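Working notes, structure below.
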There are 2 protein chains.
Amino acid sequence: MTAHTPGPWSDPVTGVCPVAETLRLLGGKHGPTLLHCLTGGEMHFLELSRALGGISRKVLTEQLRVFEAEGLISRTPKQDARRRVAYALTPRGQALGAIIVQLYDWSTARV
Amino acid sequence: MTAHTPGPWSDPVTGVCPVAETLRLLGGKHGPTLLHCLTGGEMHFLELSRALGGISRKVLTEQLRVFEAEGLISRTPKQDARRRVAYALTPRGQALGAIIVQLYDWSTARV
DNA sequence: CTGTATCCAGACGGATACTG
DNA sequence: CAGTATCCGTCTGGATACAG
């Protein structure tokens, strides 16, 4: 038996598991990478597009909208000539990002 | 800028992001919940089936096979009359489970 | 009890073209 | 530069029935 209390993993009423919901909130194929990217500081749309490799602009936009709605990232249009838009992690997003980094370490360490 | 070094998030050659791979390794809809369940100790197939709610036996089996192949869980058939099979986390799986718990806390805390 | 075998509907994501 | 709009193939997971 482990130290923490193994409570109900899914809500008896809604049948929803908070952890599964959180992981789903992290997004699909590119969500985690996107979040991990932003742990390095704010980035523009095209920068993200290039950093994430083969992601389509459609999917990237959708993912950004979801994260924004969840309060994980902030969207701030710059008023320069190129009309770029900067995306950055909110405090809440950074907290999640910190856990993501542990996932990164775990995948490297091969415990 | 944050404290940790923001290296390449996806491999320049393979285009693979370790974090995204890890999250994908965590499985689909029920993977995280399954892993979280097992942090409380070993469970039998049917116990897991009931704990996870509406998961089909097909999907549960597939997920268990994946986790087993990844070295996250162990499968040990009991020799009792009911021919039950116990599943439990390996050390590696427990290490990942510890991070999952943080995800649980994060989703609750609403930073 | 612990699976395996089909079948299938819906979600997900990629390609492409177009707009402000 | 930063999206939006369609179209469409693929992958996932649920239902169901059957088997060791």
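Computed over heavy atoms, backbone and side chain alike; hydrogens, waters and symmetry mates excluded. All figures in this text were calculated on a predicted structure; none of them were measured in a lab. So that the names make sense, note that chain A is the first sequence line, chain B the second, and so on, each numbered from 1.
Crowding of B:R83 atom CZ: a count of heavy atoms from other residues, nucleotides or ligands under 6.0 Å not exceeding 12. More than 12 heavy atoms of other residues, nucleotides or ligands shown are found within 6.0 angstrom of CZ on B:R75.
Comparing C:dC1, D:dA2, C:dT2 against the side chain of A:V85 picks out D:dA2 as the nearest.
Across the protein-nucleic acid pair, A:I55 atom CD1 and D:dT4 atom C1' stand 15 Å apart, rounded to whole Å. Here C:dT2 presents its P atom at 14 Å from CD of B:E68, a figure rounded to the nearest Å. Straight-line distance from the CZ atom of A:R82 to the P atom of D:dA2: 10 Å, rounded to whole Å. Distance CD (A:E42) to P (D:dA2): 12 Å, rounded to an integer number of Å. Distance A:F45 CZ to D:dC1 P: 11 Å, rounded to the nearest Å. B:K78 has its NZ atom 14 Å from the P atom of C:dG3, to the nearest Å. Taking atom CG of A:L52 as the reference point, atom P of C:dG14 lies 10 Å away to the nearest angstrom. Atom CG in A:L34 sits roughly 16 Å away from atom P in C:dC12 (whole-Å rounding).
Residues that satisfy the side-chain contact (heavy atoms from CB on, under 4.5 Å) test with B:A98, not counting sequence neighbours, are absent from this structure.
A salt bridge links B:E42 with B:K78: the closest approach of a Lys/Arg side-chain nitrogen to an acidic carboxylate oxygen falls below 4.0 angstrom.
In this structure, B:Y87 has its ring center at least 6.0 angstrom away from the ring center of B:H44.
Taking CG of B:L34 as the reference point, atom CD1 of B:I55 lies at 7.0 Å (rounded to 0.5 Å). Atom-to-atom distance recorded for B:L52:CG and B:H36:NE2 is 12.0 Å, nearest 0.5 angstrom.
Five base pairs at each end of the helix from C:dC1-D:dG20 to C:dG20-D:dC1 define two local axes, and these are offset by 50° (rounded to 10°).
Near-neighbour residues of DNA chain C inside residues 57-65 of chain B, defined by a heavy atom below 4.0 Å, number-ordered: B:R57, B:K58, B:T61, B:R65.
The closest donor-acceptor contact from the side chain of A:T90 to the backbone of A:S74 lies at 3.5 Å or more, if one exists at all. Between the side chain of A:T61 and the backbone N or O of A:R57 there is at least one donor-acceptor pair closer than 3.5 Å.
OP1 or OP2 of C:dG3 has at least one side-chain nitrogen or oxygen of B:R75 nearer than 4.0 Å. In terms of phosphate contacts, A:Y87 brings a side-chain nitrogen or oxygen within less than 4.0 Å of OP1 or OP2 of D:dG3. Put simply, B:H30 has a side-chain N or O that comes within less than 4.0 Å of OP1 or OP2 on D:dG14.
The 5' end of DNA chain C is approached more closely, in terms of each residue's nearest nucleotide, by A:G28 than by the other of A:G28 and A:R83.
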